[in-house]
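What follows is one structure encoded as structure tokens, with my remarks underneath.
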2 protein chains.
Amino acid sequence: MSASAESAPARRGRPGYDREQVLAVAVELFNEQGYDATSVADLAQRLGLTKSALYHHFDSKEQLLALALDEALGGLEGVLDAPADADPAERLAAVLRGAVLVLVDRLPYVTLLLRVRGNSDVERAALERRRAFDHRVTMLVTEAQSSGSVRSDVDGPVVTRLVFGMVNSLVEWYRPGGAIDRDRLAHDVVTVALDGMRTR
Amino acid sequence: MSASAESAPARRGRPGYDREQVLAVAVELFNEQGYDATSVADLAQRLGLTKSALYHHFDSKEQLLALALDEALGGLEGVLDAPADADPAERLAAVLRGAVLVLVDRLPYVTLLLRVRGNSDVERAALERRRAFDHRVTMLVTEAQSSGSVRSDVDGPVVTRLVFGMVNSLVEWYRPGGAIDRDRLAHDVVTVALDGMRTR
DNA sequence: GTCTATAGACCGATAGAC
DNA sequence: GTCTATCGGTCTATAGAC
């Protein structure tokens with residue numbers, strides 16, 4: 001870029017916020033209180049602004065939700081689009097590991113995504129993209145079953161949902177900066193998903 | 001019991017609803033739309049009643065939530081209180097299996113419980129009971145690690161959260177009456193939790 | 001780019017008739 | 001045990017001054 005700051009154009013006048021910063025605070029608050037239970041006034045208060053100042057940055061509360069969900073979905077879709085080669089078992093492990101890392105790196109956004117129930121057009125569109133992602137992962141698992149690397153005594157879609165249920169449940173308790181770092185977490189998840197908790 | 005019906009006293013006058021029926025419909029609606037996003041007017045409409053008629057059955061919207069959460073928590077706590085003997089590995093498998101069955105048998109109530117975020121005194125009390133349950137399960141897992149039946153290369157609390165995250169994720173997709181019955185589901189979950197998805 | 005003020009709808013809950 | 005009517009409060013969003 002040119003002069004002054006990194007990527008955003010230099011700020012003038014009052015400090016203020018840019019869209020990205022407002023979005024980050026909004027998502028944090030939505031996750032604390034729930035999207036529906038969070039009013040625009042709540043958000044304005046946390047930012048130290050008035051409601052009207054916020055509406056200068058965004059058209060609606062729902063637009064904030066849409067941008068946040070896109071951030072999460074884009075990350076997850078990137079995990080499937082990225083690699084490609086190697087056998088199904090290795091691809092599956094890479095997707096599992098990648099999903100954990102995206103979840104950790106975009107934790108607030110993915111957390112919000114996983115709580116969406118389809119209560120509006122924006123939410124239903126996000127659920128549709130999630131379903132498409134799940135479908136692609138399921139195909140990968142059934143492929144791995146055919147090649148003999150994933151057990152076939154449990155239905156493919158069922159084992160996919162179980163393992164990704166485990167991954168997604170990370171948003172309920174994992175917090176970056178704690179005792180366990182992102183790579184250790186990804187390793188533990190892949191270990192338990194592939195080989196279970198029992199000793200052999 | 002004495003004469004007439006099974007447990008509730010015989011209905012007189014207009015058909016109406018009893019507390020249990022109203023609660024069941026309320027929980028269904030809370031799960032569809034979210035607790036906060038569901039108004040008492042929404043619930044009245046689904047029941048074909050007015051708001052005032054509903055307030056004859058209940059003191060507040062929050063009381064409905066409290067009763068529903070108690071239904072779920074009571075079931076889960078019963079799983080830990082029930083058996084007792086055998087070695088840690090068998091006890092752990094029994095708790096896993098029991099949790100799946102309670103989740104299936106009280107699906108709407110457990111679903112609602114798992115979405116609670118602690119936004120009121122009622123919700124915080126429910127979260128506290130959940131934490132106590134999780135703590136007892138974690139102790140069981142670390143005990144099984146000591147006896148050598150559960151892998152020790154992953155932290156005990158972490159493997160507990162991962163496996164119960166998998167169990168809890170069932171509320172996101174499992175629906176009774178589908179292709180997979182409750183016992184088959186419990187078997188599949190215990191299989192994947194203990195031995196993972198990979199073939200050996 | 002922020003502010004004050006407010007429109008217009010909906011919220012949970014209550015009063016009181018039948 | 002249901003109804004109509006309404007209270008006081010909060011919601012999202014907008015108008016318009018500075």
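Sequence lines set the chain letters: A, B, ... in the order given, protein chains first and strands last, and positions in each chain run from 1. Below, all heavy atoms of this structure are taken into account, side chains as well, without hydrogens, waters or symmetry copies.
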Please check if the side chain of B:Arg200 supplies one atom and the backbone of B:Asp195 the other of a donor-acceptor pair under 3.5 Å.
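Present.
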Got B:Asn168 and A:Glu172 here, is their nearest side-chain heavy-atom distance under 4.5 Å?
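Counting from C-beta outward, B:Asn168 and A:Glu172 never come under 4.5 Å.
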Flag side-chain contact, heavy atom, 4.5 Å: A:Leu73 against A:Phe133
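Heavy-atom side-chain distance check fails, nothing below 4.5 Å.
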Between atom [atom1] in [X] and atom [atom2] in [N], what is the gap in whole Å?
X       : N      : atom1 : atom2 : answer
A:Leu43 : C:dT2  : CG    : P     : 13 Å
B:Gln63 : C:dG12 : CD    : C1'   : 14 Å
B:Arg19 : D:dG1  : CZ    : C1'   : 15 Å
B:Asp18 : D:dT2  : CG    : P     : 11 Å
B:Gln45 : C:dC10 : CD    : P     : 12 Å

Nucleotide-resolved protein contact map, nucleotides 11-18 of chain D, B/S/- at heavy-atom distance under 4.0 Å
SBBBB---
Sequence-distant partners of B:Glu128, salt bridge (charged side-chain N to carboxylate O under 4.0 Å, His left out), two or more places apart:
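Checked B:Glu128 against salt bridge (charged side-chain N to carboxylate O under 4.0 Å, His left out); matches are B:Arg131.
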Sequence-distant partners of B:Ala72, side-chain contact (heavy atoms from CB on, under 4.5 Å), two or more places apart:
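In terms of side-chain contact (heavy atoms from CB on, under 4.5 Å), with neighbours along the sequence ignored, B:Ala72 is linked to B:Tyr109, B:Val110, B:Leu113.
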Are B:His56 and D:dT2 close enough that a side-chain N or O sits under 4.0 Å from OP1 or OP2?
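Result: no.
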Under 3.5 Å, is there a donor-acceptor pair linking the side chains of B:Thr50 and B:Ser52?
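Judged by distance alone, the side chains do not pair up.
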